[in-house]
Amino acid sequence: MNAQHFDLLKELVSPSYAAQAEQARNSRSALITTLLSQRRLPEKGWDDASIRGFLEELASFDTNNFLGNVGVGEREGRIYSALVRERHYGFTHGIGRSGDVMAEQPKAAGSSVIVQLVRFLALDAIRISGIKAAKHCCVLPSATGLTMSLVFLALRQLRPAGKYVVWSRIDQKSCFKAIGSTGLKPLVVELRMQDGTDALCTDVAGIQRAIESVGAENVVCICTTTSTFAPRVPDAIDEVAAIAKAMDVPHVVNNAYGLQCSKCTHLIEQGCRTGRVDAFVQSTDKNFLVPVGGAIVASSSAALVDKVSELYPGRASMSPLLDLFITLLSMGASGWKKLLEERKANATWFQEQISATAAKLGFRLLKVPSNRISFAVDISSLASLVEGNGAVDVDHLTFLGSALFTRRVSGPRVVLCARPSPAAPDDPAGEGGPPIEVRGQYKKTIDGVSFCSYGAHADTYHCCYLTAAVAVGASREELEAFLVRLEAAVQDYRKGAGRKDKEKDKGKSTEQNIIPVPAAAA
C-alpha cells in the first residue's frame with residue numbers, strides 16, 4: 001500500500017488508526033530501503049513476516065505472476081502443483097539467460113533482483129568471516145565439485161596451452177573428479193608429515209617441482225584445500241600463493257566449509273594479499289545451513305568470476321539462491337557472527353572432551369593443531385593380531401561406524417591405513433610396529449589414478465583412526481551425546497559385538513577402506 005491508500009483509509013477508520021498502520025508499514029519498508037541502498041547483511045536478522053512480504057512483492061514482478069498475463073511461449077513459468085508454487089514463492093522462471101547465469105531474465109525482474117542482492121549478501125558474509133580481500137562473487141546453483149569444474153574450465157579458456165592441474169592431495173572425490181571432468185590431467189602432490197605432530201601438511205616444495213616438471217605455461221592452475229578431515233590440515237595457502245605469483249600460475253582454493261573457521265579464512269586472506277589466489281570456492285549448505293545445491297565463487301578480481309558465470313550453459317534453478325537469500329536475511333550480520341563464535345567455542349571445548357574420552361578408552365587424540373574443525377582419534381589399539389603371521393588385522397574396526405549409526409550418530413568416519421615400514425621417516429614414533437594386513441579395499445582408482453589407503457590422504461599412515469567434526473550449527477548437546485554413544489559403541493566392541501559378522505564376511509572384498517556413517521533415516 002502507498003501513501004494515497006492510507007489517506008483513503010482515514011475515510012474508513014479513525015485517522016489515528018490509519019496513521020498507526022502506515023507507521024507499521026513504513027517500518028518494514030525501511031528494512032527494504034536499507035537493504036537496497038547498503039547492499040549488505042542487515043545488522044539484525046529480519047523477522048519471517050518481513051521476509052515473506054518482501055519475497056511476495058518481488059515475485060509479483062515476474063511475468064508469470066502478472067494479473068491478466070497471457071503467455072504463449074514454450075516456457076511461461078506455469079506450475080501444476082500449488083504446493084510446488086508455494087515452496088518457490090512463485091519464482092518459477094529460474095535465473096540467467098543462455099549466455100550468462102548471472103544475466104537479467106526479461107520475464108523475471110523480481111528473480112533478477114534476488115540474484116544480484118544475494119551476491120552482495122554472500123560477499124558481505126565472506127568478508128565478515130575474515131576474507132577482506134574478497135571483492136566479487138557469484139552464487140551458483142551447483143554444489144562445490146561441479147562449481148570447481150566451472151572454475152577450471154574458465155581458467156582453461158584463459159590458458160589454452162594448459163593441460164595440468166597441480167593438486168595437493170586430499171582424499172575427497174568431488175574435487176579430484178572436477179579436474180578429470182574438464183579433460184585436464186592432475187599432477188598429484190603427496191602430503192608430508194608435519195614435524196612434531198600427527199598432521200599431514202602441504203609439500204610446498206613438491207608443488208613447485210610439479211610445476212617445473214611440465215612447465216608453468218602448461219599448468220592451468222594449482223588447486224589447494226582449506227577445510228578437510230583430520231589428520232590432514234589446511235594447505236599452506238599463503239606459501240603456495242607466493243609460488244603461484246612468482247611462477248605466474250593461477251591458484252584456486254577449495255574452501256568447501258572453510259568460511260566457518262578463522263584459520264582457513266586467515267590463510268586465504270594472507271594468500272590474496274601477499275601472493276596469488278585467483279578464486280576460492282565454498283559450499284552454501286556447509287557454511288550457511290541451507291539445503292545442498294549451491295556454491296559461491298569468490299575472488300579479489302571480477303574477471304574470473306564473470307568468466308565462470310558466462311560458462312554456465314542455459315538458465316539455472318532459482319532454489320539454491322533463494323534458500324541462501326532467505327537465510328542470510330533471517331540470520332543478519334549479528335546472527336552470522338554468533339554462529340561463528342559458537343562453533344569456535346564448541347571446537348575448543350570438544351577438543352578437551354574428546355581427548356579425555358579417548359584417554360579413558362585407551363585411545364589417543366591425534367595431535368593436529370592446525371585443523372580446528374575435524375578431530376581424529378587413534379583406534380589402532382582395538383586391532384587384533386592375525387594368528388601365525390604377526391600382522392595386524394584392522395578390517396573389523398569398521399564395526400565402530402555401524403555401531404555409531406545404530407545409535408543414531410551420523411558423520412564420523414573410520415579410516416583404515418597401511419602403516420609405514422619401520423624405517424620410514426614419516427613414522428613419528430620412529431617405529432613401524434606390526435605390519436598391517438593390506439587388502440584390495442585399501443586401493444582406489446579414480447579417473448585412472450590409483451591411491452593407496454584412500455581416505456587417509458596418504459599412501460601410508462602410522463595408525464587407523466576415527467574422525468569427528470565440530471561444524472557450524474552443531475550444538476553442545478549433540479557433541480556431548482556423541483561422546484557418550486562413542487563410549488557405548490567401544491564397550492560393545494570390546495565385548496565381541498561385530499566379530500561374528502566379521503568372520504562371516506572374511507575374504508570378501510569391499511569397495512574402500514573409509515566407512516562413513518550414513519545419515520540416520522527420518
Side-chain angles (χ1 to χ4, degrees), residues 31-32 34-46 95-96 100-104 111-142 144 147-148 150-151 154 226-227 237 252-262 264-273 277-290 293-310 312 316 318 320-337 339-340 472:
L31 294 176
I32 298 173
T34 301
L35 176 66
L36 295 177
S37 59
Q38 296 184 353
R39 301 176 187 178
R40 62 173 183 259
L41 289 173
E43 182 56 35
K44 181 181 178 181
W46 288 17
I95 62 172
D100 187 344
V101 74
M102 294 288 109
E104 295 177 357
S111 299
S112 298
V113 169
I114 290 178
V115 169
Q116 298 306 318
L117 283 177
V118 77
R119 295 177 73 175
F120 286 109
L121 298 184
L123 183 62
D124 193 34
I126 290 171
R127 292 172 62 82
I128 288 173
S129 73
I131 311 177
K132 306 291 185 183
K135 304 297 182 185
H136 305 274
C137 79
C138 66
V139 183
L140 297 179
S142 53
T144 310
T147 301
M148 292 289 290
L150 291 172
V151 175
T226 54
S227 50
I237 306 298
V252 178
V253 180
N254 178 5
N255 189 44
Y257 50 100
L259 288 181
Q260 60 190 272
C261 178
S262 58
C264 296
T265 57
H266 175 73
L267 285 170
I268 295 175
E269 172 72 5
Q270 287 298 105
C272 290
R273 293 195 178 280
V277 175
D278 293 71
F280 51 98
V281 178
Q282 36 275 308
S283 163
T284 56
D285 64 280
K286 290 178 180 176
N287 291 289
F288 297 110
L289 310 180
V290 296
I296 305 168
V297 180
S299 176
S300 57
S301 171
L304 183 56
V305 172
D306 292 343
K307 186 70 175 175
V308 172
S309 300
E310 293 168 2
Y312 195 103
M318 176 75 170
L321 282 76
L322 185 59
D323 290 339
L324 183 60
F325 183 61
I326 293 171
T327 300
L328 291 178
L329 284 181
S330 179
M331 190 181 290
S334 60
W336 175 230
K337 292 173 186 175
L339 280 173
L340 297 178
V472 67

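No experiment lies behind these values; they were computed from the predicted model shown.
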Shortest non-hydrogen separation from [X] to [Y] and the atoms involved:
| X | Y | result |
| --- | --- | --- |
| Gln116 | Met102 | NE2-O, 3.3 Å |
| Ala256 | Ser227 | N-OG, 3.5 Å |
| Leu140 | Leu321 | C-CD1, 4.3 Å |
| Val139 | Ala122 | CG2-CB, 4.1 Å |
| Arg127 | Lys132 | NH1-O, 2.5 Å |
| Gly271 | Val277 | C-CG2, 3.7 Å |

Hey, is the main chain of [Y] close enough, under 3.5 Å, to the side chain of [X] for a donor-acceptor pair?
| X | Y | value |
| --- | --- | --- |
| Thr265 | Gly130 | no |
| Ser334 | Glu43 | yes |
| Ser330 | Thr327 | no |
| Ser299 | Asp278 | yes |
| Glu269 | Ala133 | yes |

Would you indicate whether the side-chain heavy atoms of [Y] and [X] approach each other to under 4.5 Å?
| X | Y | value |
| --- | --- | --- |
| Asn255 | Cys264 | yes |
| Gln260 | Leu340 | yes |
| Ile296 | Leu324 | yes |
| Lys286 | Thr144 | no |
| Val308 | Thr147 | no |
| Asn287 | Val472 | no |
| Lys337 | Ile128 | yes |
| Ile268 | Cys272 | yes |

Would Gln270 and Ile237 satisfy side chain to side chain contact (heavy atoms under 4.5 Å, CB included), going step by step from the backbone distance to the final call?
CA-CA 8 Å; Gln270 287 298 105; Ile237 306 298; over 6 Å; no
May I have the step-by-step check of side chain to side chain contact (heavy atoms under 4.5 Å, CB included) for Thr226 and Phe280, ending in yes or no?
CA-CA 10 Å; Thr226 54; Phe280 51 98; over 6 Å; no
Who are the side-chain contact (heavy atoms from CB on, under 4.5 Å) partners of Ile326, not counting sequence neighbours?
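Applying side-chain contact (heavy atoms from CB on, under 4.5 Å) to Ile326 gives Ile51, Leu55, Tyr89, Leu322.
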Excluding sequence neighbours, so at least two apart, what forms side-chain contact (heavy atoms from CB on, under 4.5 Å) with Lys44?
none
If you round to the nearest 0.5 Å, how far is [atom2] of [Y] from [atom1] of [X]?
| X | Y | atom1 | atom2 | value |
| --- | --- | --- | --- | --- |
| Ile126 | Lys135 | CD1 | NZ | 12.5 Å |
| Met331 | Trp46 | CE | CH2 | 15.5 Å |
| Leu123 | Cys138 | CG | SG | 11.0 Å |
| Phe120 | Leu35 | CZ | CG | 10.5 Å |
| Ile114 | Ile95 | CD1 | CD1 | 10.5 Å |
| Gln282 | Cys137 | CD | SG | 8.5 Å |

Around atom CD of Glu310, are there more than 12 heavy atoms from other residues, nucleotides or ligands closer than 6.0 Å?
yes
Chi angles and distances behind the side chain to side chain contact (heavy atoms under 4.5 Å, CB included) call for Arg119, Val305:
CA-CA 11 Å; Arg119 295 177 73 175; Val305 172; 4.1 Å; yes
Run the side chain to side chain contact (heavy atoms under 4.5 Å, CB included) test on Val297 and Leu150 for me, step by step, so that the C-alpha distance in whole Å, both residues' side-chain angles and the decisive distance to 0.1 Å come before the verdict.
CA-CA 10 Å; Val297 180; Leu150 291 172; over 6 Å; no
